[in-house]
Structures are given as structure tokens and as C-alpha cells.
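By convention in this document, chain letters (A, B, ...) are assigned in the order of the sequence lines, proteins followed by strands, and residues within each chain are numbered from 1. Predicted, not measured: the structure shown is a model, and the values here were computed from it.
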Protein chains: 4
Amino acid sequence: MASRGVNKVILVGNLGNDPEIHHMPSGGAVANISIATSESWRDKATGEQREKTEWHRVTLFGKLADVAAQYLKKGSQVYIEGQLQTRKWQNQQGQDQYTTEVVVQGFNGVMQMLGSRTSNGQGMASGQQQPTSQQPQQQYNEPPMDFDDDIPL
Amino acid sequence: MASRGVNKVILVGNLGNDPEIHHMPSGGAVANISIATSESWRDKATGEQREKTEWHRVTLFGKLADVAAQYLKKGSQVYIEGQLQTRKWQNQQGQDQYTTEVVVQGFNGVMQMLGSRTSNGQGMASGQQQPTSQQPQQQYNEPPMDFDDDIPL
Amino acid sequence: MASRGVNKVILVGNLGNDPEIHHMPSGGAVANISIATSESWRDKATGEQREKTEWHRVTLFGKLADVAAQYLKKGSQVYIEGQLQTRKWQNQQGQDQYTTEVVVQGFNGVMQMLGSRTSNGQGMASGQQQPTSQQPQQQYNEPPMDFDDDIPL
Amino acid sequence: MASRGVNKVILVGNLGNDPEIHHMPSGGAVANISIATSESWRDKATGEQREKTEWHRVTLFGKLADVAAQYLKKGSQVYIEGQLQTRKWQNQQGQDQYTTEVVVQGFNGVMQMLGSRTSNGQGMASGQQQPTSQQPQQQYNEPPMDFDDDIPL
DNA sequence: TTTT
DNA sequence: TTTT
């Protein structure tokens, strides 16, 4: 699979609600979560403290959906890495509507539970569902000779 | 200014159209661009090559909007770093609509023109508009003595 | 200030030690922290569980160094956004040595404390030290008319 | 495979030299490239323009190494997504040395050629080497009923 | 709707 | 040297 371009979203925030779990016809799980990020600043005109919260729809597929279902709940803090996806659908008046979500799926999708030193707490990357034949890290341990010599570090 | 959470989008893609430039009442420029990212893969059922393109609305403010207006055009390849923002608005039927955009603004916003070694070609980070008092890189150039000695790595 | 290229590091991990605080001649604070990230997998040859930890040197400057000094300690979980920087120095034998660090500084530098629901817990972006004149979010709230019409979403 | 923490590097820059290709005992390819990122600013003391270039060692494995060998050359502009890895080795005097590299490998590794609309130009994510059973994008295309209804956004 |  |  090839791709042209980069489409990446990174979020760290807290869930506004428990995850909603669905299942696709194939049986695969889908988890919808809503994540808040916020910024606060002092309004220079009025001098008062202000805050703005942004809510993000995040949809997880596959094993990550299962992990979300099992371990995440309202208030959980998570790290999310996914991609933007805008879906077109029609409301009950038959009008086109667009919804943009952060899709966490397949390779490149990551969900890490933060903080909660409870339960198993372990993060997981969705691309890592078939670890069978993959060594996660380089075994190329020879001295970096020619590389070191050539390059003006 | 403090923030709780991380809200970051990174895109690399090509503009579908020339930028649209607006001006706020204050006079500041606003540039809207539409960026395509795509993925292609071989459909395992039919065996044929498929491609899916995602379009991203990106809104740039301030100096970056000016740069976009001046240097970007349909087809330009850009690197974008911004944040997700969902705006609520009402259509002509008075119904609520939501639009999610990637906002590139203020600190943390980055726009880099890619490829084109033409024109000035240089990228720009929006947080770098007031360079007056900022030294971009560490001046802490003393020998890293205790840090290096204490820590094996 | 302009830049050509992108140099960005994102880390989420735990501190291996309390921060080390230094001060530059100018009086500005510098904080050195060491952050662990790890991956675990099942070795397909032996079938046993393995784990590998990577240690990252992170150097924070300015206000973020103060925040690190005050709130971070051994074991703290943090989100870091900075840039790679390789420094050349000479060991006591007069030989060149190179050390690569993640520098969190100025615009683009971010440090967010995670989990710890203790103390003030609030994250902070270093680019946000002079909030005086900056409004963090878009005020451009007019209906997205022409933008919506033109673009095949 | 599980991981605790996030270890991510994103680079956009140009190669300082042609890739160096090696082969592991297993036969797998390894490509070393050196990527420059730079920043320029006006020195507020002297008023003159200054520039600083940072060189990054990047090591690609597997199919991405082959792609690098085939398509990248001195001057090529690339987008890289990998992870930090510090290797310990010994110089000819038997002293420990440490080298930090950006490793692009396995899941999470991405290399995208930029600009050059020549050759096949297409980027590739290393996690996508075994596309056999993976559909890259969501097939969950049913109307987003309950999710959309429940959540105001 | 979260969190501080 | 962290964390699980």
C-alpha cells in the first residue's frame, strides 16, 4: 500500500463519556470516544481568565476498539494518534451532512492510556496486532563506521 | 497561557485550489486552503488498485495567511501543522451545521512550502512572527559537564 | 524567523530521575530530564516476553525549565514536544564527542504533565510565555460560505 | 506487542548525500541517510541574518531501505517519521561512544518523497509492507446513527 | 461531555 | 534511571 501525503492527528485529552461500542457486520468492534482538549488564557481586554474546550470525535477499530471498551471510561486520559476522515451522510431531511472524525485504525493508529496506574494500563498500537514475525527494534548493531566517517555531524 | 491536552494535526499534501483570502474586520488576513492526502492499495477481493483521497480544510491566520496568499497555488505541496477546531454555524434553513477545520495560527502553527525550490520557497512558522526578542536556538553552549558525567546515557 | 524543514520530536514517557536544574549566565533556568519509552513484544524464536527501554535526554529552557523544576520528579509521566539537537563537545582526552538531545524551547516547545491529578497539574507550552497580546483561537466566525460552496468536501 | 510511551520523530528536510546502503546478514537492506533541517533568524544584537543547520542521521530498514536506495539522492526532500534510538558502540580506543539515530522501521515508520513529481514519486509507509489482509480505510459506512444523534458534537 |  |  502506498500513500501520497501525510494525514496525522495527535491528541492528548480526557474522555467526556464512556466509550460507545458498536460492531460491524463482520463482527469487528468499533469504539467511539469523545476527547476534550482545552486552552486557557487571560483575556487582555477584560483581564479575566478564559478557557475554551475543543471536543474531538475519535473512532477506533479492531483490537484498539476492544482495548478502549475494556479500559477507557469517562474521564480517562489518553494519547491518540490517528487520521482525519470526513464522512458524508444525510440527515432525516435528506440533506447532506459532513462529520469529521479522527480514525484510529490499522497501521499508524495508536492509543495509549495515560496516567491511570490502575488495571493493566498498557498502551497499544493498532499496527501491532500481528506481532508474530516482527522484531520491534533494529538488530543492526555493527559499528557505524563508514556512516560516521562520511557525514559532517 | 496554559493548556490541558494536546491538539495537533500534521498534514502533507497538495492544494486542490488556489487559496481563498479573506480579511477580518481588524484587517488581518485569513487564508482558506483545501489540501488533499491520499492512500492507494490493492483491493484484496477484486485485486484491483484503489485510491482514496481525503480533503482537508485548512485555515491560516495572520502572517501565514499572507504567505499562503503570496506563494501557494493550486497544486502546491505543503507541510501544515495546526489544530483541530469545530465551528458551529447555521445554514440558510436555520439548522445547526458543524465544520471541522485545521487551524494554523499563533504559536504551534506551522506552514512549510515543499518541493518548489522557486521563489523564496522558505517555510515559516506562525509562532515566529515576533522574532524580536527570541533566540531560536540554545545559547547554552558551555561544556555539558555534570549532565554528561552523571548520566551514562 | 524562517525555517526550512521540520525538526520535531514527540515523546510520552516517565522520568528516570528528578530533573537537574542549571542556570545560564543570564540567569535563565535549564532543566535536564531523562525520559523512558519502552516497547515489549514476544520473541518469536524463544517465545518469551521481551522489553526494550529507550532513554531520551530532554533539555528544557526558560519558563518550562522552571515548571519542570517545580512539578516534575522521578517517575512523572510527561508529554514532550521539542526538536533534535546534536551538540559537539570534547571529553577529557580532547576527543570529539556528540550528544543528541531533545530541546524544548521557545516556540514549538511543549511540556505537558500527564496523569498526576496532584498539584496544579497544568500543562504549559513554552511558546506561551508572553500571552499578553495573543488570542489563542480564531475569532473569524462568519458563515463559511464561499469556502463551503467551492470545495468538493 | 505493547508499548508504554510514545517515541516519535518527524522530519522534513533534504539529504546531504546519496543514501548509503548496507545489508544485514539476513539479507535485508539498511539505508543510512543524513537529513538537514535549518532555521534562520535575524540576530538582534548584530542585526545580521544567521542560519543554523541541524543534521539528522536516519536509518531505514526493510522495504523502505530499498525505496530509499532506488529513489533518494543527495538533495532529495523527504518526510520522515521514525523513532529515536541511541546505540552504544566502541571506538578504536575501546571507549564507549553513543550515537543517536532516527530509526524508520516496522510499524510507525514512514518515508515520503516530497516535491519531485518524477519517477514514481509515491511515498510509502513501512508498516504497509504486508498489505495482504489489511484494508487501509474504514469500511464502517453505515449511517452514523446513534453516534451522531447522541453527541451534540 | 472531560480535566485542572 | 522510569513505568507496567
Asp43(A): salt bridge (charged side-chain N to carboxylate O under 4.0 Å, His left out) partners, not counting sequence neighbours: Arg50(A)
Distance in angstrom units between Ile35(A) CD1 and dT3(E) P, rounded: 13 Å
Atom-pair distance (OH on Tyr79(A); P on dT2(E)), nearest Å: 25 Å
Separation of atom CG in Asn7(B) from atom P in dT3(E), rounded to whole Å: 18 Å
Partner residues of Gln70(C) under the side chain to side chain contact (heavy atoms under 4.5 Å, CB included) criterion, sequence neighbours left out: none
Flag for Thr100(C)-Glu101(D): side-chain donor and acceptor within less than 3.5 Å: no
Selection from dT2(F), dT3(E), dT1(E) that lies nearest to any side-chain heavy atom of Arg4(B): dT3(E)
Distance in angstrom units between Lys73(C) NZ and dT3(F) P, rounded: 10 Å
Residues Trp55(C) and Thr86(D): side-chain donor-acceptor under 3.5 angstrom: no
Among dT3(E), dT2(F), dT1(E), the one nearest Thr53(C) by side-chain distance: dT2(F)
Rounded interatomic separation in angstrom, taking NZ from Lys74(C) and P from dT3(F): 7 Å
Nucleotide of dT2(F), dT1(E), dT3(E) approaching Ser34(A) most closely (side-chain heavy atoms): dT1(E)
hbond_proxy Asn14(A) side chain to dT3(E) base (donor-acceptor, 3.5 Å cutoff): no
Stacked pair Trp55(A)-dT1(E), distance under 5.5 Å, angle under 30°: yes
Glu54(A) CD - dT2(E) P separation (whole Å): 16 Å
Between C1' of dT3(F) and CD1 of Ile33(C), the distance in whole Å: 15 Å
Interatomic distance, Gln77(A) CD vs dT2(E) P [rounded to whole Å]: 15 Å
